[in-house]
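Here is the structure we will look at.
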Protein chains: 2
Amino acid sequence: MINSLEKFREKGIKLTPQRVAILRYLDGNKGHPSAEDIYNKVRKIFPMMSFATVYKTLERLKQRGDILELTIDPERRRYDPDTRAHHHLICIGCKQVVDIHTEITITLPDEVKESFELTGNHIEFYGMCSDCNTVRKNILTG
Amino acid sequence: MINSLEKFREKGIKLTPQRVAILRYLDGNKGHPSAEDIYNKVRKIFPMMSFATVYKTLERLKQRGDILELTIDPERRRYDPDTRAHHHLICIGCKQVVDIHTEITITLPDEVKESFELTGNHIEFYGMCSDCNTVRKNILTG
DNA sequence: GTTACTGCAAAGCTTTTGCATCCCT
DNA sequence: AGGGATGCAAAAGCTTTGCAGTAAC
């Protein structure tokens, strides 16, 4: 996401210290953090930073296409600095979300293609990670 | 979803008039309504019905596996009385959601299968419906 | 010097909850 | 009769917004 901070300055984005801290936290982050995750983390460096700054910065980055807003969690929005097309695997136990970069081709029926101009897709895989599976088995066997 | 209202009575679910109205509204509904959609519609029949009743009923139905809670809209939760495995096609223009019942097989890499026990998946297709596409073209051509 | 950003507080929405009353079974 | 459901209002979360002050450019 951040090749260089210059990339942002070039496009009329002001690089405030708060923003740089948010960008640094997001860069390469594979945890699909929520606004609160970002707030809690960055606040350790900038204790005065407000929630509004986090939301406004996320909105700005989203508009610019620098991050994706994910709709994989019914409780809150999550953000992904990886803007390449990819999919997600969600553990129904601990709710962790893992990226799936496997290329997947999906063919829809002609009747759909005629009435819709398709632009993309996103797959949510559901399952149980080995940790949660181990816990589950231990419970079952007493 | 509703083969017969008896099915609900059998399982210890009390069939109040409000609930029957909600069930009737949901039965066969392909519009993926939100709690507010349900409230607005059913309130025309039961003006005294509260939002709490809608939410509590939806929670009960969800627990029983009679409806699915969809996470396809970042603004609000939507509900689907069709509990069969299926996918969704979302118009990025008017936000309408269409069911996709095409059977789709997806193969994930072995390394994923080894660390996750997969239980299901859900695909969101994005595109533009013919109505929105027409509008867009008219704007572009003046 | 401009313009955009920050921080705060208030407000807006969606969803949940407590509780007294009501009514389905 | 008993247990669950209703309705109301209050509260809880998440997210947005207005505005005055501030800082990046």
Side-chain angles (χ1 to χ4, degrees), chain A residues 4-25 32-64 66-79 95, chain B residues 4-25 32-64 66-79 95:
Chain A
S4 142
L5 290 176
E6 289 308 318
K7 172 183 146 197
F8 288 89
R9 197 172 275 125
E10 284 166 12
K11 297 199 187 165
I13 292 284
K14 280 189 184 171
L15 283 182
T16 65
Q18 295 90 331
R19 277 192 178 168
V20 172
I22 292 174
L23 288 169
R24 277 201 215 291
Y25 174 66
H32 313 86
S34 64
E36 191 177 6
D37 293 334
I38 297 166
Y39 175 67
N40 286 336
K41 188 73 178 194
V42 177
R43 199 166 44 132
K44 289 178 182 164
I45 307 167
F46 290 97
M48 305 303 296
M49 192 187 61
S50 73
F51 244 115
T53 297
V54 174
Y55 277 109
K56 284 169 184 168
T57 298
L58 289 171
E59 176 60 29
R60 205 85 168 70
L61 293 174
K62 193 174 68 178
Q63 280 176 0
R64 292 166 42 83
D66 289 318
I67 59 172
L68 294 176
E69 192 177 75
L70 303 181
T71 312
I72 53 180
D73 182 344
E75 308 291 325
R76 59 188 58 74
R77 299 182 195 181
R78 292 173 171 278
Y79 298 87
K95 311 292 179 191
Chain B
S4 143
L5 290 175
E6 289 307 319
K7 172 183 147 197
F8 288 88
R9 197 172 274 122
E10 284 166 10
K11 297 199 187 164
I13 292 285
K14 279 191 185 169
L15 283 182
T16 63
Q18 294 90 330
R19 277 192 178 169
V20 173
I22 292 173
L23 288 169
R24 277 201 215 292
Y25 175 65
H32 312 86
S34 65
E36 190 177 7
D37 293 334
I38 297 167
Y39 175 67
N40 286 336
K41 188 73 177 192
V42 176
R43 198 167 44 133
K44 289 179 181 165
I45 307 167
F46 289 97
M48 305 303 296
M49 192 187 62
S50 72
F51 243 115
T53 297
V54 174
Y55 277 109
K56 284 170 184 168
T57 298
L58 289 172
E59 176 60 29
R60 205 87 169 70
L61 293 174
K62 193 176 67 179
Q63 279 175 2
R64 292 167 41 84
D66 289 318
I67 58 172
L68 295 176
E69 192 177 77
L70 303 181
T71 312
I72 52 180
D73 182 343
E75 307 292 324
R76 58 188 57 75
R77 299 182 195 180
R78 292 173 172 277
Y79 298 88
K95 311 293 180 191

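In what follows, chains are A, B, ... by sequence order, proteins preceding strands, each numbered from 1. In what follows, every heavy atom counts, from backbone to side chain, and hydrogens, waters and symmetry copies are set aside.
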Can you tell me how far apart [atom1] ([X]) and [atom2] ([Y]) are? Round to the nearest 0.5 Å.
| X | Y | atom1 | atom2 | answer |
| --- | --- | --- | --- | --- |
| B/Thr71 | A/Leu70 | OG1 | CG | 12.0 Å |
| A/Thr57 | A/Asp66 | OG1 | CG | 12.0 Å |
| B/Arg78 | B/Ile38 | CZ | CD1 | 10.5 Å |

Worksheet item: Reckon B/Gln18 has a side-chain N or O less than 4.0 Å from the OP1 or OP2 of C/dC23?
Response: no

Please report the distance, rounded to the nearest Å, between [atom1] in [X] and [atom2] in [N].
| X | N | atom1 | atom2 | result |
| --- | --- | --- | --- | --- |
| B/Ile38 | C/dT14 | CD1 | P | 14 Å |
| A/Asp73 | C/dT15 | CG | C1' | 14 Å |
| B/Tyr39 | C/dT15 | OH | P | 14 Å |
| B/Arg43 | D/dT6 | CZ | C1' | 16 Å |
| A/Leu58 | C/dT6 | CG | P | 11 Å |
| B/Arg19 | D/dG7 | CZ | C1' | 14 Å |

Worksheet item: B/Arg60 versus B/Lys56: any side-chain heavy-atom pair under 4.5 Å?
Response: no

Worksheet item: Less than 4.5 Å apart, any side-chain heavy atom of A/Leu58 and any of A/Arg77?
Response: no

Discussion item. Which heavy atom of A/Pro17 sits nearest to which heavy atom of A/Phe46, and what is that distance?
Written reply: CB-CZ, 3.4 Å

Practice prompt. Encode nucleotides 15-25 of chain D as B, S and - characters from 5' to 3', where the letter depends on protein heavy atoms closer than 4.0 Å: B to the base, S only to sugar-phosphate, - to neither.
Written response: BBBBB---BBS

